[in-house]
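Here is how names work: the chains are called A, B, and so on, in the same order as the sequence lines, proteins then strands, and each is numbered from 1.
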Amino acid sequence: MTPSFQRTHTCGELSDNQVGDTVTLCGWVHTRRDHGGLIFIDLWDKFGLTQVVLNPQIDKLAHQEAQALRGNFVIAVTGKVRPRPAGMVNAKLKTGAIEVYIDDMEILNKSETPPFPGWDETEISEVLRLKYRYLDLRSDVLQRNLKLRYDITRTVRNFLHGEKFIEVETPMLTKSTPEGARDYLVPSRLNPEKFYALPQSPQLFKQILMISGMDRYFQIVKCFRDEDLRNDRQPEFTQIDMELSFIDEPALFKLVEGMIAAIYKESLGITIETPFAILKYQEALDRFGSDKPDMRFDLELIDLSEVVAGTDFKVFDQALKNGGQVKALNVKKSTDVLSRKILDDLTEVAKTYGAKGMAWIKVNTNGLQSPIIKFFKPEMLDALIAKVGGEVGDTIVFAADKPKIVADSLANVRLAIAKLMNLIDPKKICLTWITEFPLVEYDETEKRYTAMHHPFTSPLAEDLDKFESDPAGMRARAYDLVLNGNEIGGGSIRIHQSDVQQKMFGLLGIDEKEAHEKFGFLLDALQYGAPPHGGIAFGLDRIAMLLAGADSIRDVIAFPKTQKASCLMTQAPSDIDPKQLKELKLKFDLS
RNA sequence: GGGGUCGUAGUUCAGUUGGUUAGAACGCCGGCCUGUCACGCCGGAGGUCGCGAGUUCGAGUCUCGUCGACCCCGCCA
């Protein structure tokens, strides 16, 4: 009487077509409705739900056994597919037209009562969800998200295969490199006192592969960075990494646009517009205060530095005298929305990014309203209002400080206002290339230049002679791809000449000895016929998060870590056996 | 390293100005029920109020510390 465990169908596929057939289904008890006589079971697997019916008149034994069933029990059932009685069709279920009358049933496994209701819409604390991740992964949302993530990687592999790429694996146990993020380190037992580093990205290997004549490489690969976490940052994350020989920006952009379009088409059925907009870094900063502007709405920054020059308002005057700026946002039709309380909240947003405050002017029907207008001569006020295009109903908010603080604070106030006033059409998809990043930036604490992208990024040809004269003014052949205000990828055309690479190290204060210790293999390789090459890497987790409409990349990762980088399911990281430490010749120093 | 929010039954939450025996819904357990699909009806069990200290006649409630989760700054492409 034991039913075959070999199921004939999944729980998501039976319909009118199988009426009369005898089928075997396997799955979990989703819900049980025991009527004393009839028992209804909704049987679940990842493909769907099927209602099975236990009727004592059809099989007394099966019906009796079914009384012991509880939620999450794993069962196999065999029975006949029948159409549901008139009026009993469940339109909410894919399989709602039929039900299966069971004449044989086996409990394959029992289950404890789960710590939280599965398959439910109740929001469960993330602590529990992460501890019992295997249960949470049964939920519709996570099932859907992981499927979407797979749709993306499948599409990428197909697409790049069609573009003559090959996927090549690169080492996980590799060399620690200076610059960039903090490394995750792995001690070497065979080489005491020496360490491997887990890769922050396969950067150097993919460049070497170009020198090897691989021509087009890609890899969907884990990367590791030991930095603090955010909702879009995990210590281990996945890159869609690629590198191409004999490539320039227009050709690479076209290829990537095709790939992103394929991803949208295959995973969401959405056709997106190509080519994407291109915005130079400086313009992005000037207009939006950010190198990853959300361009689904306007509300651009307006530079008022010239208009307010010579003002009696000390805050503005001081900022300008210290080499700063005064910039503003003109929030149209907002005087009723932006109450005093909300303006205070927005000021707090600005302060988070270093602003000391946030001035504002409201254009009311009966004139201007603001704590600061008394410091301005009427002509200057008129010029200011004219410059921002102020009309009745507008609120103008100001930032005055060093350019970076002005940009950061206004960029984030801009986003907060967009959210507050529903300026963003959620259906809109804005993909934008940001180009011509600065090659280097000056690190005030370390008193030296650091690479903005990484040390292997080529400068623009026209800036090549500025290594000595104006390093801060050099622009890089680097680019980011921004989706609705989120950086989803970035890359560059690389340096392929060893003399330029040496100059770059020189600028970064990496002397020849250190350069050879850290990157000697690359410098050597560059001398053996390195083709011009470039590439890009995408954050798969972020792309999946955005396409899934999730709030965090944790929701598109099967087993994510908490903000303290621990795994609540496995309890990693954990203590280790002293024997292991001894083998590695490691000792703690907790002083 | 810093700022913020949160932590009460298995779960989601309520709990007044500090005052008797800490409640609800769902879930769980038992009983009844042959057309339910969030089945229904009756009954029952279930609490270290995250942990520790303090203030107080009295603390879920106030204070301090601590642990954990989340969001953010710094950090990080």
Side-chain angles (χ1 to χ4, degrees), chain A residues 30-43 49-58 63 67 70-72 82 84-93 95-96 99 101 112-132 135 179-183 200-201 203 223-235 237 239 241 291-292 348-349 351-355 405 408-409 412 416 434 437 443 445 450-454 457 478-482 486-492 536-539 542 551-552 554 561-564 566 568:
Chain A
H30 179 277
T31 37
R32 178 183 60 113
R33 293 177 293 278
D34 185 347
H35 286 234
L38 287 180
I39 299 174
F40 298 96
I41 303 284
D42 289 340
L43 196 62
L49 278 180
T50 300
Q51 173 164 287
V52 303
V53 189
L54 291 121
N55 186 327
Q57 284 159 7
I58 289 183
H63 177 266
Q67 286 172 349
R70 294 294 182 271
N72 295 287
R82 296 202 185 169
R84 294 206 184 180
M88 300 295 167
V89 169
N90 186 345
K92 282 186 280 185
L93 287 185
T95 60
E99 57 197 359
Y101 279 70
E112 295 293 317
T113 301
F116 55 87
W119 304 298
D120 200 352
E121 280 154 36
T122 317
E123 280 195 35
I124 309 296
S125 85
E126 205 158 0
V127 181
L128 272 180
R129 292 178 44 201
L130 290 175
K131 183 171 177 193
Y132 300 95
L135 297 180
E179 312 286 311
R182 194 176 293 115
D183 286 319
Q200 297 178 25
S201 82
Q203 184 59 38
C223 301
F224 305 85
R225 291 176 189 167
D226 186 5
E227 297 293 347
D228 286 359
L229 285 73
R230 288 286 188 281
N231 73 332
D232 62 350
R233 277 165 34 188
Q234 286 267 310
F237 61 101
Q239 283 190 349
D241 189 45
D291 62 359
K292 47 173 185 169
E348 288 307 310
V349 172
K351 281 182 176 172
T352 308
Y353 297 90
I405 292 177
D408 281 351
S409 53
N412 285 286
I434 308 296
F437 282 79
D443 186 324
T445 46
T450 56
M452 187 133 180
H453 185 57
H454 57 52
T457 299
Y479 31 81
D480 278 358
L481 185 59
V482 174
N486 300 273
E487 182 208 324
I488 58 166
S492 61
I536 190 164
F538 296 92
R542 286 186 189 173
D551 293 326
S552 161
R554 291 188 302 277
K561 293 187 171 55
T562 69
Q563 199 159 51
K564 280 190 73 185
S566 59
L568 297 181

Participant: Take Leu568(A) and Phe437(A), find for each the nucleotide of RNA chain B with the closest heavy atom, and name the residue whose nucleotide sits nearer the 5' end.
Facilitator: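 So the residue in question is Leu568(A).
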Participant: Measure the distance from CD on Glu126(A) to P on C70(B) and round it to the nearest whole Å.
Facilitator: 6 Å
Participant: For the base of G35(B), is there a side-chain donor-acceptor partner from Tyr101(A) under 3.5 Å away?
Facilitator: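 Answer yes: a donor N or O sits under 3.5 Å from an acceptor.
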Participant: Tell me whether the side-chain N/O atoms of Arg84(A) come closer than 4.0 Å to OP1 or OP2 in C37(B).
Facilitator: no
Participant: Expressed as a whole number of angstroms, how long is the span from Ile124(A):CD1 to C13(B):C1'?
Facilitator: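 Going from CD1 in Ile124(A) over to C1' in C13(B) covers 12 Å.
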Participant: Considering just the side-chain nitrogens and oxygens of Thr562(A), establish if one lies under 4.0 Å of OP1 or OP2 belonging to A69(B).
Facilitator: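 Checking A69(B) against Thr562(A), a side-chain N or O does come within under 4.0 Å of OP1 or OP2.
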Participant: Is there side-chain contact between Asn72(A) and Glu112(A), with at least one heavy-atom pair below 4.5 Å?
Facilitator: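 The answer is no; the side chains never approach within 4.5 Å.
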Participant: With no angle test and no hydrogens, is the base of G74(B) tied to the side chain of Arg230(A) by a donor-acceptor pair under 3.5 Å?
Facilitator: yes
Participant: Roughly how many Å is it from CZ in Phe116(A) to C1' in C13(B), rounded to a whole number?
Facilitator: 18 Å
Participant: Suppose we call a contact any N or O donor and acceptor under 3.5 Å apart; does that hold for the side chain of Arg233(A) and the base of C76(B)?
Facilitator: yes
Participant: Which part of the nucleic acid does His454(A) contact within heavy-atom distance under 4.0 Å: base, sugar-phosphate only, or nothing?
Facilitator: nothing
Participant: Rounded to whole angstroms, how far apart are CD1 on Ile536(A) and C1' on A77(B)?
Facilitator: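 These atoms are roughly 11 Å apart.
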Participant: With centres under 5.5 Å and planes under 30° as the test, does Phe40(A) stack with U36(B)?
Facilitator: yes
Participant: Is there a donor on the side chain of Glu348(A) or the base of G4(B) sitting less than 3.5 Å from an acceptor on the other?
Facilitator: no
Participant: How many Å lie between CD on Gln67(A) and P on G30(B), as a whole number?
Facilitator: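 Distance, rounded to whole Å: 11 Å.
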Participant: State whether the side chain of Ser566(A) and the backbone N or O of Thr562(A) hold a donor-acceptor pair below 3.5 Å, judged by distance alone.
Facilitator: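 No; judged by distance alone, with no hydrogens or angles, the pair does not exist.
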Participant: Quickly work out the Glu112(A) CD to U11(B) P distance and round it to whole Å.
Facilitator: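 Spelled out: CD on Glu112(A) to P on U11(B) is 15 Å.
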Participant: Within this structure, what is the CG-to-P distance between Asp232(A) and C75(B), rounded to whole angstrom?
Facilitator: 16 Å
Participant: On the nucleotide U36(B), are OP1 or OP2 found under 4.0 Å from the side-chain N or O atoms that Asn90(A) carries?
Facilitator: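 No, no such contact exists.
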Participant: Between U5(B) and A77(B), how far apart are the two C1' atoms, rounded to whole Å?
Facilitator: 28 Å
Participant: Of all residues at least two apart in sequence or in a different chain, which pass the side-chain contact (heavy atoms from CB on, under 4.5 Å) check with Gln234(A)?
Facilitator: Leu229(A), Ile553(A), Arg554(A), Ile557(A), Pro560(A), Lys561(A)
Participant: Base, sugar-phosphate, or nothing: which does Ser566(A) touch, judged by heavy atoms less than 4.0 Å apart?
Facilitator: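 Answer is sugar-phosphate: Ser566(A) comes under 4.0 Å of backbone atoms only.
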Participant: Classify the nucleic acid contact of Gln57(A) as base, sugar-phosphate or nothing, counting any heavy atom under 4.0 Å across all strands shown.
Facilitator: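 Touches a base.
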Participant: Look for any protein N or O under 3.5 Å of an N or O in nucleotides 39-42 of chain B and output each such pair with its distance, or none.
Facilitator:
unit_1 : atom_1 : unit_2   : atom_2 : d
C39(B) : OP2    : Arg33(A) : NH1    : 3.1
C39(B) : N4     : Asp34(A) : O      : 2.6

Participant: If I take atom NE2 from residue His35(A) and atom CG from residue Asn55(A), how far apart are they, to the nearest 0.5 angstrom?
Facilitator: 12.0 Å
Participant: Over how many whole Å does the gap from Leu93(A) atom CG to U36(B) atom C1' extend?
Facilitator: 12 Å
Participant: If only side-chain N and O atoms count, and only distance matters, is there a donor-acceptor pair under 3.5 Å linking Asp183(A) with Gln200(A)?
Facilitator: yes
Participant: State which residues pass ring pair (Phe, Tyr, Trp, His ring centres under 6.0 Å) with His454(A); sequence neighbours excluded, sorted by chain then number.
Facilitator: Phe456(A)
Participant: Between Asp408(A) and Val53(A), which has a closest nucleotide on RNA chain B that is more 5'?
Facilitator: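 It is Val53(A), whose closest nucleotide lies nearer the 5' terminus.
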Participant: With a 4.0 Å cutoff (strictly under), does any side-chain N or O of Ser125(A) reach OP1 or OP2 of G68(B)?
Facilitator: no
Participant: With both distances under 3.5 Å as the test, what is the Watson-Crick or G-U wobble partner of G27(B)?
Facilitator: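 Partner of G27(B): none.
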Participant: Answer whether the closest heavy-atom distance between the side chains of Pro115(A) and Leu135(A) falls below 4.5 Å.
Facilitator: yes
Participant: Which part of the nucleic acid, if any, lies within reach of Gly180(A) when heavy atoms closer than 4.0 Å are counted: base, sugar-phosphate only, or nothing?
Facilitator: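 Sugar-phosphate contact only - Gly180(A) comes under 4.0 Å of backbone atoms but never of a base.
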Participant: Taking any heavy-atom pair under 4.0 Å as a contact, classify Pro85(A): base, sugar-phosphate, or nothing.
Facilitator: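 Touches a base.
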Participant: Could you give the distance from OG1 (Thr50(A)) to CD (Glu99(A)), rounded to the nearest 0.5 Å?
Facilitator: 11.0 Å
Participant: Given C37(B), is OP1 or OP2 found less than 4.0 Å from the side-chain N or O atoms of Lys92(A)?
Facilitator: no
Participant: Charged N to carboxylate O below 4.0 Å: is that the case for Asp228(A) and Arg233(A)?
Facilitator: no
Participant: Could you measure between the two P atoms, the one in C6(B) and the one in U61(B), and give it in whole Å?
Facilitator: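 Looking at atom P only, C6(B) and U61(B) are 15 Å apart.
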Participant: Under 4.0 Å, heavy atoms only, any strand: does Ile39(A) hit a base, just the sugar-phosphate, or nothing?
Facilitator: nothing
